[in-house]
Amino acid sequence: MSTSELRAKHADSWERATHHPFLDAVRDGSLPEWAFTTWLVQDYLFVGDLLVFQARLLARAARGAQAVLAGGVVGLEQELSWFEEQAGRRRLQLAARRQPTTSAYQEFLRRLDGAPYAASITALWGIEAVYLESWSGAAPGDPTYREFVEHWTVPAFAEYVDGLGRAADEALASTESAALADEAFAEVLVMERAFWNMAWAGGAAR
Ligand code: HMH
């Protein structure tokens with residue numbers, strides 16, 4: 001199994017994770033400010049949880065995946081500072097509670113701590129690949145939100161996602177846990193859809 005096979009197998013769910021009224025409204029500027037704020041605060045909490053997960057994954061990674069994962073850990077720590085700057089500029093309070101969707105995602109990441117390495121690296125690739133695709137669809141974005149669109153569409157982020165894909169493919173090529181990797185990827189797609197819905201349903205069916 002490979003990452004491209006997984007994407008093809010879960011094409012419908014991939015589509016639902018990467019296209020959403022929230023992203024359409026980021027593109028055309030019609031997103032209510034409160035919805036963006038909800039997303040920003042909850043995503044800050046999510047990135048903190050992802051950093052914890054990724055640091056643990058690095059500790060058990062294949063030798064060939066250490067560089068991309070270590071780089072990603074540094075990147076996530078910098079991303080937290082970037083969120084803090086963004087929140088400061090918008091006078092937003094980041095010290096919020098996790099909403100149920102964010103808590104469910106955190107619990108999923110904790111479960112992945114105990115999953116076979118191939119399943120966990122595949123899930124991580126899925127998490128980041130969804131963001132690249134999602135924000136690419138919102139480009140260039142209304143000026144209000146353009147910095148966020150640019151953040152997840154820069155070439156360096158695309159290269160990072162490619163690097164995670166190579167690490168996942170390497171793990172998938174020799175694993176006996178392909179079924180668990182498939183399940184983990186499918187669950188990422190459901191979680192990502194739910195995360196957009198948490199921020200804003202946009203009047204559309206969920
Ligand atoms: C919900 N998924 C979510 N937030 C993010 N910041 C990413 C993926 C990418 O890091």
Side-chain angles (χ1 to χ4, degrees), residues 3 7 10 13-23 26 31 35-58 68-87 92 94 96 98-112 120-139 141 145 147-165 167-168 184-201 206:
T3 53
R7 255 183 70 159
H10 297 283
S13 189
W14 170 264
E15 180 72 18
R16 286 169 56 75
T18 56
H19 295 85
H20 189 275
F22 180 97
L23 294 158
V26 162
L31 188 72
F36 190 75
T37 300
T38 302
W39 168 81
L40 186 128
V41 169
Q42 294 299 312
D43 209 55
Y44 174 71
L45 296 170
F46 168 81
V47 170
D49 296 339
L50 188 63
L51 172 56
V52 170
F53 163 73
Q54 188 155 336
R56 292 198 170 119
L57 184 61
L58 171 58
V68 69
L69 286 173
V73 166
V74 172
L76 287 172
E77 192 282 328
Q78 289 170 348
E79 194 157 291
L80 290 176
S81 300
W82 180 77
F83 270 99
E84 286 155 8
E85 273 167 40
Q86 294 289 347
L92 299 176
L94 284 174
R98 280 179 188 76
Q99 291 203 16
T101 302
T102 313
S103 284
Y105 215 149
Q106 180 186 33
E107 279 158 29
F108 170 56
L109 293 175
R110 282 191 184 144
R111 270 185 276 132
L112 286 175
S120 301
I121 185 77
T122 299
L124 177 61
W125 158 75
I127 288 167
E128 300 293 9
V130 162
Y131 249 46
L132 175 63
E133 176 99 352
S134 297
W135 290 94
S136 298
Y145 305 121
E147 250 189 277
F148 289 83
V149 177
E150 283 170 356
H151 183 80
W152 280 292
T153 53
V154 290
F157 184 57
E159 283 160 27
Y160 175 57
V161 172
D162 278 351
L164 291 176
F185 178 65
E187 194 159 354
V188 163
L189 298 179
V190 170
M191 293 277 166
E192 291 289 333
R193 176 73 187 185
F195 211 89
W196 299 127
N197 279 338
M198 166 182 61
W200 194 51
R206 294 179 176 211

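Note that ligands are numbered from 1 as they come in the structure, with each ligand's atoms numbered from 1 the same way. We number each residue from 1, following the sequence as shown.
Of the protein's non-hydrogen atoms, the one nearest atom 6 (N) of ligand 1 is Asp43 OD2, 2.8 Å. Scanning the protein heavy atoms around atom 10 (O) of ligand 1, the nearest turns out to be Glu128 OE1, 2.9 Å. Here the heavy atom of the protein found nearest to atom 8 (C) of ligand 1 is Tyr131 CD1, 3.3 Å.
Donor-acceptor pairing under 3.5 Å is recorded for the side chains of Tyr105 and Glu192.
Proximity of Ile127 to ligand 1, defined as any heavy-atom pair under 4.0 Å, is shared by backbone and side chain alike.
If you look at Phe148 and Phe36, their ring centroids are closer than 6.0 Å. Between Tyr131 and Trp152, the distance separating the two ring centers is shorter than 6.0 angstrom. Taking the six-membered ring for Trp, Trp39 and Phe46 have ring centres at least 6.0 Å apart.
Taking a cut-off of under 4.0 Å to the non-hydrogen atoms of Val47, the atoms of ligand 1 that pass are 6 (N). Heavy-atom contacts of Trp152 reach the following atoms of ligand 1: 6 (N) (cutoff under 4.0 Å).
For ligand 1, the polar-atom distance check finds an N/O of Glu192 within less than 3.5 Å of one of the ligand's N/O atoms.
Considering all non-hydrogen atoms of both residues, Val47 and Leu80 come closest at CG1-CD2, 3.7 Å. Here the closest heavy-atom approach between residue Ala87 and residue Leu40 is recorded as CB-CD2, 4.3 Å.
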